[in-house]
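Structure first, then comments.
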Amino acid sequence: MAGPEQPLRRGPSQRLPDGKPTLPHSPPGRDVTMTRQSTIGQRRTLRLAAAATTFLLIPAFAHAQATTMPHDLSRWSMFMAADIVVKSVMLGLAFASVVTWTIGLAKTLELSAAKRRLRQATRILARQTTLNEASLALGKAQRLGRKLIEAGVEEMQASKQAYDKDGIKERVVSRLHRIELAASREIARGTGWLATIGSTAPFVGLFGTVWGIMNSFIGISKAQTTNLAVVAPGIAEALLATAIGLVAAIPAVIIYNLFSRGIAGYRAEVGDAAATVARLVSRDLDRSRSALQRAAE
């Protein structure tokens, strides 16, 4: 038979100063296990909170970037998103480009018509033997040729009483030379704008680029990020100003060089016409001298 059931023994209990008993102490190993479990639980809770925060913030950040950055990086959208200074530079360069092509078209038509009229007048003058015949043969359309003839006739009439015929020739040549210079200045009018645009447009575009890149770096410092998606739009807008400057400058330089050669050729043709008039004057003077000599005999 089993013996009588023994009562459970409890460890000695301690009493507080007020006489109340305290609970018995737990074993040391059990406290360490509970502390580790509590630490692991806290770490898991922190990881879950961080994951939840990241999951919530990433869509919000993406939406903020989508609303602040342009979706379309076309030239028009970059122009509209540019700073007011860069936008002003672009507008000025676009206007300069329009001026360049307008001057190019207008001066091309003017120079072609002037050369055609001058060649026709030179051919007519070369077939004549006296100034009076040349004056009658030239039509009203040949304004430059008529100016040359009128200058020779006026000088000969003003020098009727002059004895030195060589002096008359020099004065006629001087008048013709002044008409040549005036015709050259008239045909070259407006080409100075081409030289100005061709020499200054790249630097104006560079100014817009520097200003735009400066604004981009300011935006980087404010955003505190070096992400290319944040930097690229501002730099692209700035480089667009340089591109427009080159678009305005390159045609201006090319058209100016073409006009320089064309005007030089026109000046040479004016000189040929003036030389033809000078020969007519010399013939008239020789005829008058021969007539005087025959009358004296």
Original post:
Which atom names give the shortest non-hydrogen contact between G104 and T108, and what distance separates them?
Top reply: O-OG1, 2.5 Å

Original post:
Can you hop from V89 to L246 via hydrophobic side chains spaced under 4.5 Å?
Top reply: no

Per-pair distances, 0.1 Å, donor-acceptor, side chain in residues 265-276, under 3.5 Å, sequence neighbours excluded:
unit_1 : atom_1 : unit_2 : atom_2 : d
R267   : NE     : S184   : OG     : 3.1
E269   : OE1    : R119   : NE     : 3.4
E269   : OE2    : R119   : NE     : 3.0
E269   : OE2    : R119   : NH2    : 3.0
T276   : OG1    : D272   : O      : 2.9
T276   : OG1    : R279   : NH2    : 3.1

Original post:
Is the shortest heavy-atom distance from the side chain of I187 to the side chain of E110 under 4.5 Å?
Top reply: yes

Subject >> Cluster check I103, V253: I/L/V/M/F/W/Y, side chain < 4.5 angstrom >> reply: no

Subject >> Heavy-atom pair with the smallest gap, counting every atom of L111 and F259 >> reply: CD2-CD2, 4.5 Å

Original post:
Rounded to the nearest 0.5 Å, how far does CZ of R171 lie from CG of L176?
Top reply: 13.0 Å

Subject >> Neighbour count >12 (heavy atoms, 6.0 Å) for atom NZ, K147 >> reply: no

**OP:** Return yes if a side-chain donor-acceptor contact under 3.5 Å exists between K107 and T191, otherwise no.
**Re:** no

Original post:
What is the distance from atom CD1 of I263 to atom CZ of R185, rounded to the nearest 0.5 Å?
Top reply: 13.0 Å

**OP:** Kindly work out whether a path of hydrophobic side-chain contacts (I/L/V/M/F/W/Y, heavy atoms less than 4.5 Å apart) joins F203 to F95.
**Re:** no

Subject >> Non-neighbouring partners of L136 that pass side-chain contact (heavy atoms from CB on, under 4.5 Å), sequence neighbours left out >> reply: none

Original post:
Say you draw a straight line from CD1 of I179 to OG of S174; how long is it, rounded to the nearest 0.5 Å?
Top reply: 10.0 Å

Original post:
Side chains of T130 and R283: closer than 4.5 Å at any heavy-atom pair?
Top reply: no

Original post:
Shortest non-hydrogen contact from V281 to G152?
Top reply: CG2-CA, 4.2 Å

Original post:
Okay, side chain of T100, backbone of A96: is any donor-acceptor separation there less than 3.5 Å?
Top reply: yes

Subject >> Rounded distance (nearest 0.5 Å) linking atom CD of E150 with atom CZ of R143 >> reply: 12.0 Å

Original post:
Can you hop from V173 to M156 via hydrophobic side chains spaced under 4.5 Å?
Top reply: no

Original post:
At their closest point, which heavy atom of A137 faces which heavy atom of Q128, and how far apart are they?
Top reply: CB-NE2, 3.8 Å

Original post:
Are I255 and V99 connected, step by step, through hydrophobic side chains (Ile, Leu, Val, Met, Phe, Trp, Tyr) whose heavy atoms are closer than 4.5 Å?
Top reply: yes

Subject >> Main-chain N/O of I84 paired with S88 side-chain donor or acceptor, under 3.5 Å >> reply: yes

Original post:
So, for A201 and A248, which heavy atoms are closest and what is the spacing to 0.1 Å?
Top reply: CB-CB, 4.2 Å

Original post:
Is any side-chain heavy atom of I149 closer than 4.5 Å to a side-chain heavy atom of L125?
Top reply: yes

Original post:
Hey, is R127 close enough to E133 for a salt bridge, meaning N to O under 4.0 Å?
Top reply: no

Original post:
Roughly how far, to the nearest 0.5 Å, is CD1 of I168 from CG of D284?
Top reply: 11.0 Å

Original post:
Roughly how far, to the nearest 0.5 Å, is the CG atom of L131 from the CD atom of Q157?
Top reply: 10.0 Å

Show me the donor-acceptor pairs, under 3.5 Å and distance only, between side chains in residues 192-199 and residues at least two apart or in other chains.
unit_1 : atom_1 : unit_2 : atom_2 : d
T196   : OG1    : G192   : O      : 3.0
S199   : OG     : A195   : O      : 2.9
S199   : OG     : T196   : O      : 3.1

